[in-house]
Amino acid sequence: MRTLRTDAEREEAAALVQDRQRWLTMHGLPVPARADLPALFRDPQEKPAGLFEDGKLLACMIPQRDPDLGWGEGPCLFLSCVHTLPGQPDDITRLITLWASDFAARLDLPLVRAESLVRHPLEAEPIAALLRRLTGIGWDVRGSGPGREGDRVARLELTAEHRPGLSALIGCRFHKPQTAPDDRGSA
C-alpha cells in the first residue's frame, strides 16, 4: 500500500475507478452520484493510496483522518472512494481491511469507517451479500442513511488493531493522512 505520487499512478487509479464504475453499471449496481469521481484521483491536492501487487494496481482509495461524516462519533480513519480492480478475488478487500485496521492503530485512531452505496434496504441483494462478506472479515454495519456525498450508503466501522506480522504480507509506504477538511456540500 503506497501513496500515489506520480501522474502515471494517478492516471492508472482514475482508469481503475472508471473500469469499476463501468462494471458496477453493467451489473445493475449503484455508482456514486458525483459526476467525475476519477478526477479526484488525478487531483494533486488529494492524497490517494494504491494497493499494488507485482507492480499492478489492484485497488485505490483516499484515506482521510477524522472527516466530518455526519454519522459516527469520535476520531477515525475514513476510507473514501474505495475501488478495486474488477474481476479480482475478495482477497483484495481482506488485505485492505487488514491494512486499514493496522494503519489506524498505528495512528492511534480507534476505528476505521467507510461507506458503501446502496439503492435498496440492506437486507436486499446484492448489497446483502456484500455486507455479509464485509462483516465476515471484521466490519460492522452501522445502519444506512445519507453518506458524506449525499448518496444513500451502508455505514461501516472496523476496530483498529495492531497487526505486528502484517508487514510481511503488506508493505506500507503511505503518508500520514491529514485531518480532512469539512467539504460537505462542496461536491
Side-chain angles (χ1 to χ4, degrees), residues 1-65 67 69 76-104 106-107 112-117 126-127 130 133-134 137 139 147-151 153-154 156 158 163 166-181 183 186-187:
M1 185 72 73
R2 68 177 189 244
T3 303
L4 302 179
R5 297 184 191 278
T6 68
D7 288 344
E9 287 177 338
R10 289 172 171 279
E11 271 308 315
E12 187 176 2
L16 185 150
V17 171
Q18 289 172 320
D19 287 349
R20 173 52 80 181
Q21 288 181 324
R22 193 172 15 260
W23 185 93
L24 291 168
T25 300
M26 288 179 6
H27 288 85
L29 299 167
V31 295
R34 185 177 191 132
D36 193 5
L37 193 56
L40 278 177
F41 288 88
R42 293 182 186 108
D43 183 349
Q45 300 300 322
E46 294 291 341
K47 302 294 183 210
L51 176 63
F52 290 84
E53 182 177 47
D54 298 328
K56 181 179 181 180
L57 180 64
L58 300 178
C60 58
M61 68 203 74
I62 302 174
Q64 299 172 321
R65 184 184 181 113
L69 299 177
C76 73
L77 174 67
F78 181 68
L79 301 183
S80 174
C81 304
V82 178
H83 288 78
T84 58
L85 187 64
Q88 300 297 308
D90 283 342
D91 293 346
I92 294 172
T93 305
R94 183 179 305 278
L95 290 174
I96 293 168
T97 298
L98 292 169
W99 171 81
S101 175
D102 180 68
F103 191 62
R106 287 189 281 129
L107 295 173
V112 180
R113 291 191 176 104
E115 298 173 341
S116 182
L117 288 173
I127 191 66
L130 171 65
R133 286 193 308 273
L134 291 173
I137 58 175
W139 290 89
R148 187 165 181 214
E149 301 295 329
D151 294 310
V153 299
L156 303 163
L158 175 69
R163 300 175 188 275
L166 188 61
S167 62
L169 182 61
I170 304 173
C172 181
R173 293 179 303 192
F174 185 71
H175 71 284
K176 182 178 177 182
Q178 301 299 311
T179 300
D183 60 359
S186 66

Go through the structure and list residues passing side chain to side chain donor-acceptor pair (under 3.5 Å) with E9, not counting sequence neighbours.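 By the side chain to side chain donor-acceptor pair (under 3.5 Å) rule, E9 matches R2.
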
So, using side chain to side chain donor-acceptor pair (under 3.5 Å) as the criterion, who are the partners of E11 when residues are at least two apart?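 Testing E11 for side chain to side chain donor-acceptor pair (under 3.5 Å), a comparison that skips the adjacent residues, returns R42.
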
To the nearest 0.5 angstrom, please state how far the [atom1] atom of [X] sits from the [atom2] atom of [Y].
{"X": "L130", "Y": "L156", "atom1": "CG", "atom2": "CG", "value": "8.0 Å"}
{"X": "R10", "Y": "D43", "atom1": "CZ", "atom2": "CG", "value": "7.0 Å"}
{"X": "L16", "Y": "L57", "atom1": "CG", "atom2": "CG", "value": "5.0 Å"}
{"X": "D102", "Y": "M1", "atom1": "CG", "atom2": "CE", "value": "11.0 Å"}
{"X": "K56", "Y": "E12", "atom1": "NZ", "atom2": "CD", "value": "10.0 Å"}
{"X": "R65", "Y": "F103", "atom1": "CZ", "atom2": "CZ", "value": "9.5 Å"}

Hey, could you give me each pair passing ring-ring contact (aromatic ring centres under 6.0 Å, His included) that has a residue in residues 7-32? Not counting sequence neighbours.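 Of all non-adjacent pairs touching residues 7-32, those that pass ring-ring contact (aromatic ring centres under 6.0 Å, His included) are W23-H27.
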
Can you check whether T93's main-chain N or O pairs, donor with acceptor, with T97's side chain at less than 3.5 Å?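 Looks like yes, one N/O pair under 3.5 Å.
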
Is there a donor-acceptor pair under 3.5 Å between the side chain of D151 and the backbone N or O of L117?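 Answer holds: no.
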
If you compare all heavy atoms of [X] against all heavy atoms of [Y], which two are closest, and at what distance to 0.1 Å?
{"X": "A59", "Y": "I92", "answer": "CB-CG2, 3.9 Å"}
{"X": "L4", "Y": "C60", "answer": "CD1-CB, 4.5 Å"}
{"X": "A14", "Y": "F41", "answer": "N-CB, 4.1 Å"}
{"X": "E115", "Y": "L69", "answer": "OE2-CD2, 4.5 Å"}

Name every donor-acceptor pair, under 3.5 Å, that has one atom in a side chain of residues 76-85 and the other anywhere in the protein, sequence neighbours excluded.
{"unit_1": "H83", "atom_1": "ND1", "unit_2": "C81", "atom_2": "O", "d": "2.9"}
{"unit_1": "T84", "atom_1": "OG1", "unit_2": "R20", "atom_2": "NH2", "d": "2.7"}

Close side-chain approach of S116 and I127, heavy atoms under 4.5 Å: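 They are in side-chain contact.
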
Mind checking salt bridge (Lys or Arg N to Asp or Glu O under 4.0 Å) for D19 and listing every partner two or more places apart, or none if nothing turns up?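 D19 satisfies salt bridge (Lys or Arg N to Asp or Glu O under 4.0 Å) with R22 only.
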
